[in-house]
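Computed from a prediction, not measured in an experiment: that's the story for all the values here. Per chain, numbering begins at 1; letters A, B, ... match sequence-line order.
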2 protein chains.
Amino acid sequence: MTPQRELIFRSFFEMDKHVSVDELYEIVRSIDRSIGYSTVWRNLKLICRVGLAQEVSIGDGITRYDRLTRIPHGHLFCLGCKKVVEFNADQIVGVLAQTAIENDFTNKGFKVEVQGFCGECRAKGSVDSSETESVS
Amino acid sequence: MTPQRELIFRSFFEMDKHVSVDELYEIVRSIDRSIGYSTVWRNLKLICRVGLAQEVSIGDGITRYDRLTRIPHGHLFCLGCKKVVEFNADQIVGVLAQTAIENDFTNKGFKVEVQGFCGECRAKGSVDSSETESVS
DNA sequence: GGTGAAAATGAAAATCGTTTTCATTTAGCT
DNA sequence: AGCTAAATGAAAACGATTTTCATTTTCACC
Ligand SMILES: [Mn+2]
Ligand SMILES: [Mn+2]
Ligand SMILES: [Zn+2]
Ligand SMILES: [Zn+2]
């Protein structure tokens, strides 16, 4: 346990949002100017490896790190302001567990995501009108 | 409408699996040796822009292109052999639509994914035992 | 069937987040 | 204190994606 690791872990777990390497790097950097980018990256990977967080990728090419909570949740992702809103996915997880069984899969993880536009972005306009609903 | 575009479109829509740029590039390349990578890339992007396909990213850093069908579906992704199995997501989409409304989101798309190990991979062994279930 | 503007193509280079390398430092143990 | 394995930081490597740009092609119009 090095001071860098402690700072990175502490900062990450104090955070509520989904943070990218760069974001966490800037945060710890404001406390310890000498910390390296790779150290932040490595420690985020470590946090994932030990099962305390999970990588999430939401369309833009940036990997974010999401603290694992006991209650499973999904993400509402606003295509306008890039905001992420979480929602409880208990019900869906039940369905998915059943689906996995039916297809002879063991499930190790889920990802449930809805892309759209939040109320604020709709109010501000600049939301294109095609309302295509689809699942990949 | 150029011959390259026609070949790329035709090849893409004849395909049933989730194809990456490289994969489609190799396929069209076997028919027209002179076709360029960027042309394949641009046309896949175009297919997405006009709403006939969707980009999907499944953990590995490779973007794949999934033809949009009228019936919404989710993906079972095998962490062992990387196979993708589709399943009907009608039921889940209903729940998600409701969730979006509750959170004042318009929904433009969904992504439902389950990671795990398929029967074959479990039979072959080499499946680590931790069965952590989680949703990002 | 020309003609010209706008769009598409292909090769190469640029981008940019991620990952690795390697020399140096540090933590943890005896 | 002395030793060894692990961690760190700076820089370079990587690799998929995206852009650039010179050239070619399509297509609407005459
Ligand atoms: Mn699919
Ligand atoms: Mn989350
Ligand atoms: Zn928004
Ligand atoms: Zn498998």
Side-chain angles (χ1 to χ4, degrees), chain A residues 1-13 15 17-50 52-66 77 79 82 84 111 115 136, chain B residues 1-13 15 17-50 52-66 77 79 82 84 111 115 136:
Chain A
M1 179 59 61
T2 61
Q4 293 93 329
R5 173 162 295 172
E6 181 172 345
L7 175 56
I8 292 167
F9 273 55
R10 189 184 302 286
S11 302
F12 177 69
F13 289 112
M15 194 115 292
K17 45 176 291 208
H18 304 73
V19 78
S20 65
V21 179
D22 289 84
E23 282 166 351
L24 192 58
Y25 175 60
E26 286 309 328
I27 289 166
V28 299
R29 207 94 203 303
S30 70
I31 298 169
D32 176 353
R33 204 105 267 273
S34 74
I35 224 162
Y37 182 92
S38 17
T39 303
V40 176
W41 179 80
R42 277 188 288 241
N43 277 288
L44 278 172
K45 285 284 185 187
L46 175 62
I47 290 171
C48 292
R49 203 158 346 110
V50 299
L52 294 172
Q54 200 173 38
E55 298 189 338
V56 297
S57 38
I58 335 194
D60 59 353
I62 295 164
T63 303
R64 283 151 207 288
Y65 294 81
D66 192 10
F77 178 63
L79 297 166
K82 314 295 182 193
V84 175
K111 188 186 282 186
Q115 299 128 263
S136 52
Chain B
M1 181 58 62
T2 61
Q4 294 92 332
R5 173 161 296 172
E6 182 172 344
L7 175 57
I8 292 167
F9 273 54
R10 187 183 304 285
S11 302
F12 178 69
F13 288 114
M15 193 116 292
K17 46 175 288 206
H18 304 74
V19 78
S20 65
V21 180
D22 290 84
E23 283 165 350
L24 192 59
Y25 175 60
E26 286 308 329
I27 289 164
V28 298
R29 207 93 203 304
S30 71
I31 298 168
D32 177 353
R33 203 106 264 276
S34 73
I35 224 160
Y37 181 93
S38 18
T39 302
V40 176
W41 178 81
R42 276 187 289 242
N43 277 289
L44 279 171
K45 284 285 186 187
L46 175 62
I47 291 172
C48 290
R49 201 158 347 108
V50 299
L52 294 172
Q54 200 173 38
E55 297 189 338
V56 299
S57 37
I58 335 191
D60 59 353
I62 295 164
T63 303
R64 282 152 207 287
Y65 294 80
D66 192 10
F77 178 62
L79 297 167
K82 314 295 183 194
V84 175
K111 190 184 282 186
Q115 300 129 262
S136 52

- Inter-end axis angle, the helix from C:dG1-D:dC30 to C:dT30-D:dA1, with every axis fitted to five base pairs (rounded, 10 degrees): 30°

- Of C:dA27, D:dT17, C:dT21, the nucleotide closest to the side chain of B:Trp41 is D:dT17

- Answer with yes or no whether B:Ser38 presents, from its side chain, a donor or acceptor under 3.5 Å of a partner atom in the base of C:dA11. yes

- Query: Distance check: side-chain N/O of B:Thr39 vs OP1/OP2 of C:dG10, anything under 4.0 Å?
  - Reply: yes

- Query: Looking at D:dT8, D:dC27, C:dT18, which one has an atom nearest to any side-chain atom of A:Asn43?
  - Reply: D:dT8

- Under 4.0 Å between a side-chain N/O of B:Thr63 and OP1 or OP2 of D:dT17, yes or no? yes

- OP1 or OP2 of C:dT9 under 4.0 Å from side-chain N/O of B:Arg5: yes

- Note on the structure: d(B:Leu46 CG, B:Phe9 CZ) to nearest 0.5 Å is 4.5 Å

- Rounded off to whole Å, could you give me the CG-to-P distance for the A:Asp60 and C:dG17 pair? 10 Å

- Non-hydrogen atoms of B:Ser57 and A:Lys111 that approach each other most closely: O-NZ, 4.5 Å

- Could you check whether B:Ser34 gets within reach of a base, just the sugar-phosphate, or nothing at all, counting any heavy atom under 4.0 Å? sugar-phosphate

- Message: Tell me whether the side-chain N/O atoms of B:Gln4 come closer than 4.0 Å to OP1 or OP2 in C:dG10.
- Response: yes

- Message: Of the listed nucleotides (C:dT18, C:dG10, D:dA10), which one gets closest to any side-chain atom of A:Tyr37?
- Response: C:dT18

- Have A:Ser20 and A:Asp22 got a donor and an acceptor in their side chains that come within less than 3.5 Å? no

